[in-house]
Structures are given as structure tokens and as C-alpha cells.
Amino acid sequence: MNRRAFITMLGGAATSAVAWPLSARAQHAAVPVIGFLNSQSPEGYAEPLRGLRQGLKDAGYVEGENLTIDYRWADNQMERLPELAADLVRRRVAVIVTTGGPSSAFAAKAATATIPIVFNIGDDPVRVGLVASFARPGGNLTGVSFLGIELTAKRLELLRELVPGAARVAVLVNPADAAVVQATLRDTEAAGRAMGLQIQVFNADTAAEIETAFESMARKQPDVLFVAPTPFLVVRRVQVVQRAAFHRIPATYPLRDFAEAGGLMSYGASLRDAYRQVGAYAGRILKGGKPADLPVVQSTKFELVINHPTARMLGLTVPPTLLAGADEVIE
């Protein structure tokens, strides 16, 4: 090999050595980042997050491989949501996924009019003002509504069927989640009047306040308990179910997760499936889809789950019609 050929070979090798790291860095930089905003803490969200990741995987995206998810949790401090949303915007994430109630979605909406937002809420997104319509959401938002609040009257009817003599209903809400509280009280009071029920409201914003609320219930002795579909109470579901059992209060819950934790009865959509749908929409947007062109998904399947051992513990006989209509009876 002559001197000129040797120098040329060295130059090519050096160029390749420089080009490879640059190429690798460019490839790494091309990995899309999803911003995840939730009003609560990671505790209690393992199963829904599996649903989110499944939806993304179905769309071809796997966290840690060709996708990064940047998580932001407000720990039930709603006042933190605007700054957490602004931080995700500063990071220039490709999509923002908001869960944990409408407060997260509103914080993201206020932070950006350009980054696509996929929400997951239990209320009507048109009624609360997130989107223009289900079919044509408009703007940079779309998502999933699992209608947890819309099922209030049905949940009360099912509870009344299980406890026919019930007249006084305790309603447990989280005052920090103002939008959910307002909608829940509006619907429970309207349904209660139609059914001749008296509504008593109890607030809980911390684990200690859940204990205080149940101590207050024990003094006022409501016949049954209606637990609002608020993210904080979902996270604290084990504590809520245990206190209801300790005070022997028949209760209805918004999600099957409560019944699986020992709660008497739940009626509502699958939270994991709602998260899966959110992941699928986020994946479609990463592939070029526009939020304005993606209709808001409404849950169409609702599950009635009855925990038979809890019913027996409370001295309740579940009517055959209720057992026959249940999607699952936990034995």
C-alpha cells in the first residue's frame, strides 16, 4: 500500500468514526417524547398505565425502545397543574396525554394551542368546555370520555335495588376536584329528588380526611354511600373500601377496581380500556394524525360488578335480577 492510499484509508476511517456517533445521536433525538400529566400520584395507577402502554404498543410505540414518556404528577395539588403543563410545553413534547380528571386537561389546554393533547376524563368534554363537539372536537384536543359522572342516576338505582329501604345517601367527594364535585352533586341531587332520597355530602382531600369523613358518617348514620368518580378517591380506593366495610355502610363505586378491592358494588366503564384508547390515539397522532380529525371516543360498555362476600358480610341478599344482570360476581 502506498503512502497516499494509506492516508486516504485513515481519513475514511476517521470520518466513519465521527459519523457513526453523530448518526446514533440523531437517531436517539428522533425518538418522540410524550408528556404525561396527571393530577394525582403514581400510586394506584399501575393497571391503567399498562392500558396506556398497550394502546401505544398497538400503534407501534414501545416505551424505552422507540418512545419516551415524560411523567408529571401533581399529587392531588391542583394548583401545581399549570406549571407542570407549562414544563411539558417547554420540553416541546410531541403529544401531551392528560389523565386524572378534567383539571389536567384544562391546564394543558391553557398551556398550549399547538401541541396535540389527548385527554381521558369521566365527564362530558363538550359540557365542561374542552372541545366543540364529540364528532369534531376542533383545536388541538381530543380524547376519551368514559362518562363516570353521567352514570350517577343508574348507580343510585342499582344501589336502591340492592338496599331497597335506603333513604339517606352519603356522597363522598374530593373538594380539590371542583369540576367533578359540581357535576356529581348536581346529578346526585337531581336523581335523589326523583327517587325520594336525602343527600348528605362528605368531603375528603387527604387520607386523614377520609378517616374523618367516615367517622362523621358513623355519627350521622346514612343508609348507603355513593363514592364520586374522582381520581383521588380512585387512588385511595383500598382505604375507602376498608372504612366502608368497618362502618358497615353499603356503597356503590364508579370503577371495578373498588369491587376488586372488596367494595360492595361498582358500575362504570373500564379505566384500563379507557387508557388503552388514549394510548391508541396518542400513537395515531405521533404518526401524523390531527386531534381535530379524531372524534372524541365515548365508552359504550359499562360493567356491573358485585362482590358477593362483601354483600354477605353486610347482611344483604343480592336480588336474583341484580345477579343475573351483573357482568361479574366476585365470590
Side-chain angles (χ1 to χ4, degrees), residues 39-40 76 78 81 98-107 109 119-134 137 141 143-163 166-205 209-210 213 216-217 220 222-237 240 244 249-255 258 265-269 271 274 296 298-300 302 304:
S39 64
Q40 301 302 308
N76 199 40
M78 303 301 178
L81 287 169
T98 71
T99 65
S103 298
S104 302
F106 278 112
K109 183 178 183 180
F119 57 76
N120 180 36
I121 66 171
D123 204 345
D124 182 335
V126 178
R127 183 172 67 187
V128 300
L130 277 175
V131 296
S133 72
F134 278 87
L141 283 85
V144 177
S145 172
F146 56 93
L147 300 177
I149 294 172
E150 301 293 317
L151 305 175
T152 295
K154 181 64 175 179
R155 286 176 58 200
L156 282 176
E157 290 170 6
L158 292 168
L159 187 59
R160 186 70 173 274
E161 186 176 352
L162 182 55
V163 189
R168 291 171 298 178
V169 181
V171 179
L172 182 63
V173 299
N174 172 24
D177 203 343
V180 174
V181 171
Q182 182 182 7
T184 298
L185 296 185
R186 179 193 63 230
D187 292 352
T188 52
E189 288 169 358
R193 282 193 301 270
M195 299 169 64
L197 301 172
Q198 300 174 13
I199 303 297
Q200 300 172 319
V201 181
F202 297 84
N203 295 299
D205 191 32
E209 288 182 6
I210 289 176
S216 181
M217 287 183 212
K220 296 185 178 180
D223 299 311
V224 292
L225 169 63
F226 181 99
V227 176
T230 184
F232 169 70
L233 296 176
V234 174
V235 170
R236 301 300 306 175
R237 58 187 175 274
V240 172
I249 305 175
T252 176
Y253 302 98
L255 300 168
F258 287 90
M265 178 172 65
S266 67
Y267 182 70
L271 190 60
V296 174
Q298 288 182 272
S299 296
T300 57
F302 304 102
L304 171 60

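- Scanning all heavy atoms of the two residues, the minimum distance from Ala176 to Met78 falls at O-CG, 3.4 Å.
- The main-chain N or O of Arg168 is found under 3.5 Å from a side-chain atom of Asp223 such that the two form a donor-acceptor pair.
- Within the model, atoms CZ of Phe258 and OG1 of Thr252 stand 10.0 Å from one another, a figure rounded to the nearest 0.5 Å.
- Residues Val131 and Phe119 meet the side-chain proximity criterion, which asks for heavy atoms closer than 4.5 Å.
- With sequence neighbours left out, Thr99 forms a side chain to side chain contact (heavy atoms under 4.5 Å, CB included) with Phe36, Asn38, Val97, Asn120, Tyr275.
- Nearest approach of Ala213 to Phe202, heavy atoms of both residues: O-CD2, 3.9 Å.
- With a 4.5 Å cut-off on side-chain heavy atoms, Val144 and Val296 do not count as touching.
- In this structure the side chain of Val234 reaches within 4.5 angstrom of the side chain of Leu255, judged on heavy atoms.
- Looking at Val240, Val180, Asn174 one by one, the single match for side chain to side chain contact (heavy atoms under 4.5 Å, CB included) with Phe232 turns out to be Asn174.
- Residue Ser216 holds its OG atom at 8.5 Å from CD of Gln200, rounded to the nearest 0.5 Å.
- Under a 3.5 Å cut-off, the side chain of Lys109 and the backbone N or O of Leu130 do form a donor-acceptor pair.
- Using cut-offs of 30° and 60° for the angle between ring planes, the Phe302 and Tyr267 rings count as tilted.
- Taking Asp124 as the reference, Val126, Arg127, Phe134, Glu150 meet the side chain to side chain contact (heavy atoms under 4.5 Å, CB included) condition, with sequence neighbours excluded.
- You'll find the side chain of Phe146 stays beyond 4.5 Å of the side chain of Ile121, heavy atoms only.
- Residues Pro254 and Arg155 approach most closely at N-NH2, 3.5 Å, considering heavy atoms.
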Practice problem: Please lay out, stage by stage, how Val169 and Gln198 fare under the test side chain to side chain contact (heavy atoms under 4.5 Å, CB included). | Solution: CA-CA 6 Å; Val169 181; Gln198 300 174 13; over 6 Å; no
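- Taking 4.5 Å as the limit, some side-chain heavy atom of Leu225 sits within range of a side-chain heavy atom of Leu172.
- Annotation: the span from Thr184 atom OG1 to Glu189 atom CD amounts to 10.5 Å, rounded to 0.5 Å.
- A pairwise comparison of heavy atoms in Ala166 and Leu197 identifies O-CD2, 3.4 Å as the closest pair.
- Listed for the Glu161 side chain is no donor-acceptor partner under 3.5 Å among the backbone atoms of Glu157.
- Minimum interatomic distance between Leu156 and Thr188 (heavy atoms only, all atoms of both residues): CD1-O, 4.2 Å.
- Looking only at side-chain heavy atoms (C-beta outward), Val173 and Asn203 come within less than 4.5 Å of each other.
- By the ring pair (Phe, Tyr, Trp, His ring centres under 6.0 Å) test, Phe226 pairs with no residue at all, sequence neighbours left out.
- Note: Leu159 CG to Met265 CE = 4.5 Å, rounded to the nearest 0.5 Å.
- Other residues, nucleotides and ligands contribute at most 12 non-hydrogen atoms within 6.0 Å of the CD atom of Gln182.
- Side-chain contact check for Leu158 versus Lys154: some heavy-atom pair is nearer than 4.5 Å.
- Side-chain N/O atoms of Asn76 and Asp177 include no donor and acceptor closer than 3.5 Å.
- Closest of all the heavy-atom pairs between Ser39 and Ser104 is N-OG, 3.3 Å.
- Under the 4.5 Å side-chain criterion, counting only non-hydrogen atoms from C-beta, Val201 is in contact with Leu185.
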